[in-house]
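Residue numbers count from 1 along this sequence. Remember, it's 1-based here, ligands and their atoms both numbered in the order they're listed.
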Amino acid sequence: MIKFSVDLTNCDKEPIHIPGKIQSHGFLIAVDKTELSITYLSENTGDFLKEQAKDLLNKTLTDLSSLIKQQDVAFNIEDLLQLGIIRKSFDAISPYPIEINGKPFYLIISAAVNDWLLEFEPVTLQYDIQSMIGRSASSMLQGKTISALLSGAALEVKKLINYDRIMIYKFLDDGHGEVVAEEKEDRLEPFFGLHYPASDIPKQARELYKLNLTRLIADVNAEDSAIITFKENEPLDLTNSGLRAVSPIHIQYLKNMGVHSSFSISLISHGELWGLIACHNYSPKFIDYKAREGSKLIGQILSSALEYREEEEDAKVIEQFKDTANILTDHLTRDKYLLEAITTHKTSILDVTKAEGVAVIFENELKTLGNVPTVDEIWELTEWLKINSDESIYYTHRLPEIHSQAKKYKSTASGILSCILNKELGEMIIWFKPEMISNVNWAGNPEKPATPSENGLLNLSPRKSFETWSEVVNNTSDKWMPEEIASVLRIREIIITDINKKANEIRLLNEKLHAAYEELDTFSYTISHDLRTPLTSIKTYAELMLKNKSIDENGKKMLSRILTGADKMNFLIKEILNLARVGRSELNFEIVNMPSLLEEIKNEVWTAFKADNSEFILGQLPNLKGDKTMIAQLFTNLIGNAVKYSAKVDKPQIEVSGYIDEGEIIYAVKDNGIGIDNRYYDRVFELFKRMDNVKEIEGTGVGLAIVKRIVEKHNGRVWFESTLNIGSTFYVAFKNR
Ligand code: ADP
């Protein structure tokens, strides 16, 4: 038995098409294309023909024909060869049935570079295989899905060649293979679902699989037969030879698995090697040429069915994604909130791709579905994406290689596909695919104990092959399919349209609200204005009548009530006019000298309220950029309230001060008056709202509404702190421009 120290990395370099040997279940003779003289001969030729066969080198085809005594007297290899040469193909001639020493043989003719190859192999099949193949093909094609098709094919091949195990082995993107269908004897351990390293089937072997669609290794323990020639350093090209000897590395591989005979059928899709139907037998088992050709046909039918089914399944995936997009569009139309629409229903944003997890970052909220990294990791990733993805869509199946932070969460997110909704706001959707390694059932995974094969041997160097493969797929997820990318682009379009639509609705509402406010302001302005003239008449005539001597005391009392009422009404009208004016007028920004403005206001207020009793303290007062008239109105109202609502206390004290804090100028107007019940905190700024404790004090309930409007017009804030019977402090804050 040949002993090899097997190093898988050498496999790619081994010249397997010129091994100088053939498998010994048949024999080979090569004939020079121009001379038609015998140039190469397998050593075992004499075992099949007569002793003299070993002298055939450099002889003619007539010499060879004479050694093969045929019943058919007209048999002549040269004629046969010429026929093929004229037809430019030996397909119709091969296999040509002959008899050698009373036993049936096939002659199979093919071309090498400078020679014709004549291969002779025994005929073992007793029945007509043609009809059986027809039946096999039609039952196999009944499988509606790819996996049903593959299982059907495995079953039919098993019926045809009766090997112990038939596997359908698919090559994945990185070249490693997975057993995707299997038909086997019950006693055997299943290999279904196992993955094997790319090095198990080296590159040049794959090329040969594309040229020779079937390959039989009849008996791994049989001694090969050397090819002899007189041509020095010109090894015969055995690319097209069916008998070609097998690489010793591959023989060792099969022996390690306890396999005695192996047969493979290539599966080609779109011109590429899609996979193999790999057949193993655990005792030597030769397969007749016609059965091999039948299996080849099954392989070819399967190949084209696969192409068709794969296209069909791709189309199905596209359909599915489109359906998802339609359902999500419906949810978006029906639901008010985007996050809710795409994450809370049975069909969700996760179904847009084949990812295992998704994160949506929208309006500062993070929502996740499925298998995703931690919240902190996702936020960190969004920051990275904001900087590093220029395009609206970004995808990789090797994130940890590009972004080292992602190594921590590679098990859930070695692959990401993200689409940006709004870059400035950092709004985006990210789909996650896990690291491939965690999903794969590896034939030689050192973490899963290696299982001995049938004969007790362990598989070939499993640890080494696993390590090689882990290096390849480390930090890697399944690739993103073009269909997934198209689907994400589609959904992005839909979502952005929806966001714009919703923003537009809000904008329209705002515009309407704005228009309504303006209308209301104009209305109150006009009505207040128009009320003033009749009111002035009432007041003037009442005053005139008061001067009339003929009116008695009672009448005078009534007239002075009319006057008080008219004054009150006049004040209210003035206040409403003020409020409407704030709404209607444009801001006129200027730097306001606050200490001097407040001094003026103080004097006015003190006169108006006859507040000589009240103490006024003016603290630090930073200047402010704002509309001077409005700012004056604001402080008049606040200071007026402070004076008014503290007038009854022992020593009324009003303090106004200001300070700058984190980009804001904040002013405080403080009093030690009656205070405000905090239960009504939210209502104090409402129009016409007055507290219960101010019934005795005059007022309209408009002042603070004006204050609030002025502050809002300046994009500022207003609030207060107050304790009943202790006092209140009103704060106004403006951006420090
Ligand atoms: P009014 O004309 O009644 O003062 P405002 O709109 O200015 O109307 O104030 C609304 C209400 O808020 C007042 O009626 C009063 O109940 C309360 N209020 C405002 N300022 C103070 C204050 N400094 N101290 C106590 N209560 C106040």
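- More than 12 heavy atoms of other residues, nucleotides or ligands sit less than 6.0 Å from atom NZ of K386.
- A distance-only check finds a donor-acceptor pair linking the side chain of D627 to the backbone of N588 [under 3.5 Å].
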Show the atom names and distances, to 0.1 Å, of all donor-acceptor pairs under 3.5 Å that link a side chain in residues 360-369 to residues at least two apart or in another chain.
none

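- No salt bridge links K648 with E696; every basic N to acidic carboxylate O contact stays at or beyond 4.0 Å.
- Inclusion of G701 in the set of residues having an N or O under 3.5 Å from an N or O of ligand 1 is warranted.
- Between N641 and ligand 1, a contact under 3.5 Å exists for at least one N or O pair.
- Numbered from 1 in the order shown, with element, the atoms of ligand 1 that lie under 4.0 Å from a heavy atom of K689 read 10 (C), 11 (C).
- Atom numbering of ligand 1 starts at 1 in the shown order; those under 4.0 Å from a heavy atom of G699 are 2 (O), 3 (O).
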Pair N388-H403, side chain to side chain donor-acceptor pair (under 3.5 Å): steps then yes or no: CA-CA 10 Å; N388 291 288; H403 177 43; over 6 Å; no
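- The proximity of V702 to ligand 1, defined as any non-hydrogen pair under 4.0 Å, is limited to the backbone.
- Between the side chain of D671 and the main chain of S728, a donor-acceptor pair closer than 3.5 Å is present.
- With a 4.0 Å heavy-atom cut-off, ligand 1 is reached by the side chain of F730 but not by its N, CA, C or O.
- Not a single heavy atom of N637 lies less than 4.0 angstrom from ligand 1.
- Expressed to the nearest 0.5 Å, how far CG of L417 lies from CG of L489 amounts to 8.5 Å.
- For atom 23 (N) of ligand 1, the nearest protein heavy atom (residue, atom name, distance) is D671 OD2, 2.8 Å.
- The protein heavy-atom contact nearest to atom 17 (C) of ligand 1 is M691 CG, 4.0 Å.
- With sequence neighbours excluded, no residue forms a side-chain hydrogen bond (donor to acceptor under 3.5 Å, both in side chains) with N693.
- Contact annotation: G673 has no heavy atom less than 4.0 Å from any atom of ligand 1.
- For the pair K644 and ligand 1, a heavy-atom separation below 4.0 Å is found.
- The pair E435-K410 meets the salt-bridge criterion, since a charged nitrogen lies less than 4.0 angstrom from a carboxylate oxygen.
- Contacts between L704 and ligand 1 below 4.0 angstrom, taking non-hydrogen atoms only, involve backbone and side chain alike.
- Heavy-atom proximity to R690, at under 4.0 Å, picks out these atoms of ligand 1: 1 (P), 3 (O), 14 (O).
- Rounded to the nearest 0.5 angstrom, Y731 OH and E721 CD are separated by 3.5 Å.
- For K708 (side chain) and V718 (main-chain N/O), no donor-acceptor pair under 3.5 Å exists by modelled atom type.
- Not a single N or O atom of I676, backbone or side chain, sits closer than 3.5 Å to an N or O atom of ligand 1.
- Using a 4.0 Å cut-off between heavy atoms, T700 contacts ligand 1 through both its backbone and its side chain.
- Atoms of ligand 1 found under 4.0 Å from any heavy atom of G703, numbered from 1 in the order shown, are 5 (P), 6 (O), 7 (O).
- For N693, no nitrogen or oxygen atom sits less than 3.5 Å from a nitrogen or oxygen atom of ligand 1, counting backbone and side chain alike.
- From the protein, the heavy atom lying nearest to atom 13 (C) of ligand 1 is Y645 OH, 3.4 Å.
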